[in-house]
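First the structure, in the form of structure tokens, and then the observations on it.
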Amino acid sequence: MNISPIEELFTLFNETALILQEELACSYLEALADTGENLFQGAILQDELSELTVKRLKKQYSELSLDNFSNEDLRKAFQLVILKGMKENVQPNHQMTPDSVGMLVGYLVEKFMQKPSFRLLDPAVGTGNLLTTVMNHSRKQITAIGVEIDDILIKLAYVNANLQGHPIQFFNQDSLESLFIDPVDAVIADLPVGYYPNDVRAADYQLKADTGHTYSHHLFIEQGVRHTNAGGYLFFLVPNGLFESEQAPQLHEYIKDHVYIQGLLQLPTSIFKNKSSAKSILILQKKGEDIQPPKQALLVNLPSLSNAYEMDKILTKMEKWFQENKG
């Protein structure tokens with residue numbers, strides 16, 4: 001029976017992570033980051049392992065050469081083992097962007113970004129899955145930056161990027177604190193939805209709430225715009241009710257002042273656990289000298305992404321929009 005490259009990689013990542021988890025008495029995700037780092041460095045970096053464990057790991061590592069696998073095989077296999085680990089240790093902020101959505105964001109970034117090379121920021125990078133999906137589906141030269149507050153997630157993102165050979169600069173910090181980075185040409189983010197607990201920091205933002213906590217997803221939008229060059233594009237996965245909340249009036253005002261809405265693509269609810277967690281892709285362009293709004297925004301209600309006929313019709317409509325507005 002033929003085993004797919006993704007299954008081969010999954011087995012290697014999973015089995016070696018389980019060995020490390022048992023010996024180091026750590027979480028599965030920590031062990032996964034360790035085994036990924038071992039594979040990337042071509043060495044076993046944990047000093048406290050027994051001789052027998054070192055032999056077992058060396059044997060398993062020697063059975064596969066990462067050079068024989070594509071970036072997408074590596075990303076997908078690593079994504080699957082991360083998902084396995086997240087199921088064992090569920091945390092609300094540990095959510096992964098569905099693959100089909102990542103590829104759609106990659107398609108949009110490729111269509112909007114006309115330059116052969118550009119700087120890209122993901123201020124909610126998580127495990128790096130969305131960012132590396134976009135990079136894997138681009139023919140352009142991308143210099144990328146990822147910011148993430150969670151120690152484990154950013155370690156996994158770092159290993160994920162190394163295994164795929166992507167030169168990404170990572171910052172382990174609260175993304176809504178000051179970011180010491182040069183402006184970028186594009187921003188992507190699967191926005192963390194909820195309230196931001198730091199009211200003192202939120203007060204530095206135009207989008208701060210009049211009373212109580214501010215929505216963190218609103219602040220991420222403003223932070224993204226702050227760090228984007230004039231004319232740069234921002235691609236956000238946002239909750240469907242973004243413009244209907246009690247804090248929406250400030251957001252409307254902010255968007256009117258600082259950006260043009262280039263598009264809003266409502267994703268099919270079937271790819272989300274429930275209707276209330278459904279999202280859309282919001283595409284913004286930062287205002288600047290000689291930057292004109294589109295003749296009309298790209299508004300799309302996406303069918304099931306597995307419905308090839310309907311998706312083909314939508315992509316044709318989108319291609320027509322690009323020719324008319326971006327040609």
Side-chain angles (χ1 to χ4, degrees), residues 4 6-7 10 71-88 90-112 122-138 148 153 156-157 160 187-194 215-217 220-221 234-245 261-284 297-319 321:
S4 75
I6 293 170
E7 285 173 298
F10 177 90
N71 274 0
E72 276 294 271
D73 288 340
L74 287 160
R75 182 190 65 77
K76 286 176 180 173
F78 204 62
Q79 177 192 15
L80 288 171
V81 272
I82 290 172
L83 285 170
K84 180 195 168 191
M86 286 180 175
K87 279 183 186 148
E88 290 172 15
V90 179
Q91 287 191 34
N93 63 328
H94 289 192
Q95 300 287 331
M96 207 176 283
T97 310
D99 251 15
S100 50
V101 176
M103 287 176 200
L104 189 55
V105 173
Y107 163 79
L108 292 166
V109 171
E110 194 73 353
K111 295 298 284 186
F112 276 95
D122 185 342
V125 76
T127 62
N129 191 53
L130 175 61
L131 183 55
T132 56
T133 302
V134 169
M135 293 177 85
N136 287 345
H137 287 85
S138 178
E148 173 57 51
L153 296 190
L156 289 164
N160 202 357
V187 175
I188 56 168
D190 189 345
L191 296 180
V193 177
Y215 279 133
S216 56
H217 43 294
F220 268 89
I221 290 172
L234 303 98
F235 307 83
F236 292 124
L237 276 159
V238 299
N240 281 354
L242 181 73
F243 295 111
E244 290 151 23
S245 74
I261 293 181
Q262 288 282 343
L264 186 66
L265 286 74
Q266 190 167 329
L267 295 163
T269 51
S270 57
I271 61 175
F272 298 96
K273 279 182 187 157
N274 49 56
K275 206 174 171 184
S276 62
S277 61
K279 292 189 174 184
S280 299
I281 301 172
L282 175 65
I283 307 160
L284 305 172
L298 173 64
L299 301 174
V300 176
N301 212 334
L302 288 162
S304 165
L305 301 179
S306 58
N307 184 333
Y309 174 71
E310 289 299 325
M311 270 307 291
D312 204 41
K313 279 196 336 197
I314 290 288
L315 288 170
T316 304
K317 176 186 165 184
M318 284 163 68
E319 286 293 337
W321 183 90

Can you find a pair of side-chain heavy atoms, one from [X] and one from [Y], that are under 4.5 Å apart?
X	Y	value
L265	L298	yes
K87	K84	no
Q79	T127	no
M86	I82	yes
V187	F236	yes
M311	L305	yes
V300	M318	yes
I271	V101	yes

Determine which pairs satisfy salt bridge (charged side-chain N to carboxylate O under 4.0 Å, His left out) with at least one residue from [range], sequence neighbours left out, and list them in order.
range	result
residues 122-138	none
residues 100-110	E110-K140
residues 96-109	R75-D99

Distance check, rounded to the nearest 0.5 Å: [X] atom [atom1] versus [Y] atom [atom2]?
X	Y	atom1	atom2	result
N301	S280	CG	OG	8.0 Å
N240	K279	CG	NZ	10.0 Å
L108	F235	CG	CZ	6.5 Å
L153	N160	CG	CG	11.5 Å
N274	T269	CG	OG1	10.0 Å
I261	L299	CD1	CG	8.5 Å

Over all atoms of both residues, closest heavy-atom pair of [X] and [Y]:
X	Y	result
S216	P192	OG-O, 3.2 Å
D190	L130	N-CD2, 3.9 Å
Y215	S245	CE1-OG, 3.5 Å
P268	P303	CG-O, 3.3 Å
I188	P123	O-CD, 3.3 Å
G126	E148	N-OE1, 2.9 Å

Begin from the C-alpha positions of S4 and E7 and carry the test side-chain contact (heavy atoms from CB on, under 4.5 Å) through to its verdict.
CA-CA 5 Å; S4 75; E7 285 173 298; 3.1 Å; yes
Hey, what's the ring geometry for F112 with W321, parallel, tilted or perpendicular (30° and 60° as the breaks)?
tilted
Using the rule given for side-chain contact (heavy atoms from CB on, under 4.5 Å), can you reason through N71 versus T132, listing the C-alpha separation, both sets of side-chain angles and the distance that settles it, and then say yes or no?
CA-CA 9 Å; N71 274 0; T132 56; over 6 Å; no
Walk me through it: do L282 and L242 pass the test side-chain contact (heavy atoms from CB on, under 4.5 Å)?
CA-CA 10 Å; L282 175 65; L242 181 73; 4.0 Å; yes
Report the residues that fulfil ring-ring contact (aromatic ring centres under 6.0 Å, His included) with F78, sequence neighbours left out, ordered by chain and then residue number.
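Counting only residues at least two positions away or on another chain, F78 forms a ring-ring contact (aromatic ring centres under 6.0 Å, His included) with F13.
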Identify, with sequence neighbours excluded, every residue that meets ring-ring contact (aromatic ring centres under 6.0 Å, His included) alongside F272.
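F272 satisfies ring-ring contact (aromatic ring centres under 6.0 Å, His included) with no other residue.
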Would you sort out whether I283 and L234 count as a side-chain contact (heavy atoms from CB on, under 4.5 Å), showing the intermediate values?
CA-CA 6 Å; I283 307 160; L234 303 98; over 6 Å; no
Distance alone, cut at 3.5 Å: any donor-acceptor contact between the side chains of T133 and N136?
no
Which residues satisfy the side chain to side chain donor-acceptor pair (under 3.5 Å) test with K111, sequence neighbours excluded?
E319
Hey, is the main chain of D312 close enough, under 3.5 Å, to the side chain of T316 for a donor-acceptor pair?
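Such a contact is found between T316 side chain and D312 backbone.
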